[in-house]
Amino acid sequence: MKRVSIDEMYLKMASVISERSYCNRKQVGCIIVKENMIVSDGYNGTPTGFENICEDESGNTHKYVLHAEANALTKLAKSTNSSTGATLYVTMSPCYECSKLIIQTGIKRVVFKELYRIDDGLKLLKQANIEVVHFKENF
């Protein structure tokens, strides 16, 4: 019997968390892990107090929708935990704006499942010497 790798396990967990999203176009989940403990999680969605509708009538995402990484990082900021040296697992590669936040929080490794159509976020992470892993195995 094949044992599931740590990366696969956390990505599967991020995938389950993505199912909490109300977004129709894309559901994205994120987990932040430090010293083998989950210190935060998040999924894409509207800010607290907003109606849980992510897209307009045309199917375009509202500008105020938060990405899964931003939700996980802001949730972490409210806690007593730290992201310094942590690994961020996300079901879709981070955009440029989320990558800036990831850099600022001291995360050292990003593991993602799906490649976002624009890869400027990944380029920025690599420029900041953050390890980036595209987990391509199917699960």
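In this chain, residues are counted from 1 in sequence order.
Counting only heavy atoms from C-beta outward, the side chains of Glu55 and Cys23 approach each other to under 4.5 Å. The side-chain heavy atoms of Thr105 and Ile32, taken from C-beta on, include no pair separated by under 4.5 Å. The side-chain heavy atoms of Val28 and His67, taken from C-beta on, include no pair separated by under 4.5 Å. Using a 4.5 Å cut-off on side-chain heavy atoms (C-beta onward), Phe50 and Val65 make no contact. Looking at heavy atoms from C-beta onward, Arg109 lies in side-chain contact with Val133 at the 4.5 angstrom threshold. Between Asn44 and Cys54, every side-chain heavy-atom pair lies at or beyond the 4.5 Å cut-off. Put simply, the side chain of Ile17 does not reach to within 4.5 Å of the side chain of Cys30, judged on heavy atoms. In this structure the side chain of His62 reaches within 4.5 angstrom of the side chain of Asp56, judged on heavy atoms.
The shortest non-hydrogen separation linking Ser82 to Leu76 is C-CD2, 4.2 Å. In this structure, Ser18 and Gln27 approach most closely via the heavy-atom pair O-CB, 3.4 Å.
Ring planes of Phe112 and His134: parallel class, angle under 30° (limits at 30 and 60°).
Using modelled atom types, no side-chain atom of Lys34 and backbone atom of Gly85 make a donor-acceptor pair closer than 3.5 Å.
Under the 4.5 Å side-chain heavy-atom criterion for grouping Ile, Leu, Val, Met, Phe, Trp and Tyr, Ile130 is not connected to Tyr10 through any hydrophobic cluster. If you chain together hydrophobic residues whose side chains sit under 4.5 Å apart, Val90 and Leu125 fall into the same group. A continuous path of Ile, Leu, Val, Met, Phe, Trp and Tyr side chains, each step under 4.5 Å between heavy atoms, connects Ile102 with Met92, placing both in one hydrophobic cluster. A single hydrophobic cluster is not seen to contain both Val16 and Ile31; linkage of ILVMFWY side chains at heavy-atom distances under 4.5 Å, directly or through other members, places them apart. Leu101 and Tyr116 end up in the same hydrophobic cluster when Ile, Leu, Val, Met, Phe, Trp and Tyr side chains are linked at under 4.5 Å.
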side-chain contact (heavy atoms from CB on, under 4.5 Å) for Leu115 and Leu122? Distances and angles first, verdict last. CA-CA 9 Å; Leu115 188 61; Leu122 293 177; 3.5 Å; yes
Would Ile38 and Met13 count as a side-chain contact (heavy atoms from CB on, under 4.5 Å) if you check the C-alpha gap in whole Å, the side-chain angles of each, and the deciding distance to 0.1 Å? CA-CA 10 Å; Ile38 297 171; Met13 293 170 87; 3.4 Å; yes
Using the side-chain contact (heavy atoms from CB on, under 4.5 Å) rule, take Leu73 and Ile107 through it: C-alpha gap first, then chi angles, then the decisive distance, then the call. CA-CA 10 Å; Leu73 291 168; Ile107 289 172; 3.8 Å; yes
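Put simply, CG on Asp7 and NZ on Lys12 are 12.5 Å apart, with the number rounded to the nearest 0.5 Å. The structure places OG of Ser15 at 11.0 Å from CD of Glu8, a figure rounded to the nearest 0.5 Å.
Side-chain polar atoms of Tyr43 and Asn71 form no donor-acceptor pair below 3.5 angstrom.
The ring-ring contact (aromatic ring centres under 6.0 Å, His included) contacts involving residues 13-41 comprise nothing, where partners must be two or more places apart or lie in separate chains.
Between Lys126 and Asp119 no salt bridge is recorded (no basic side-chain N to carboxylate O distance below 4.0 Å).
The environment of Glu131 atom CD is dense: over 12 non-hydrogen atoms of other residues, nucleotides or ligands sit within 6.0 angstrom.
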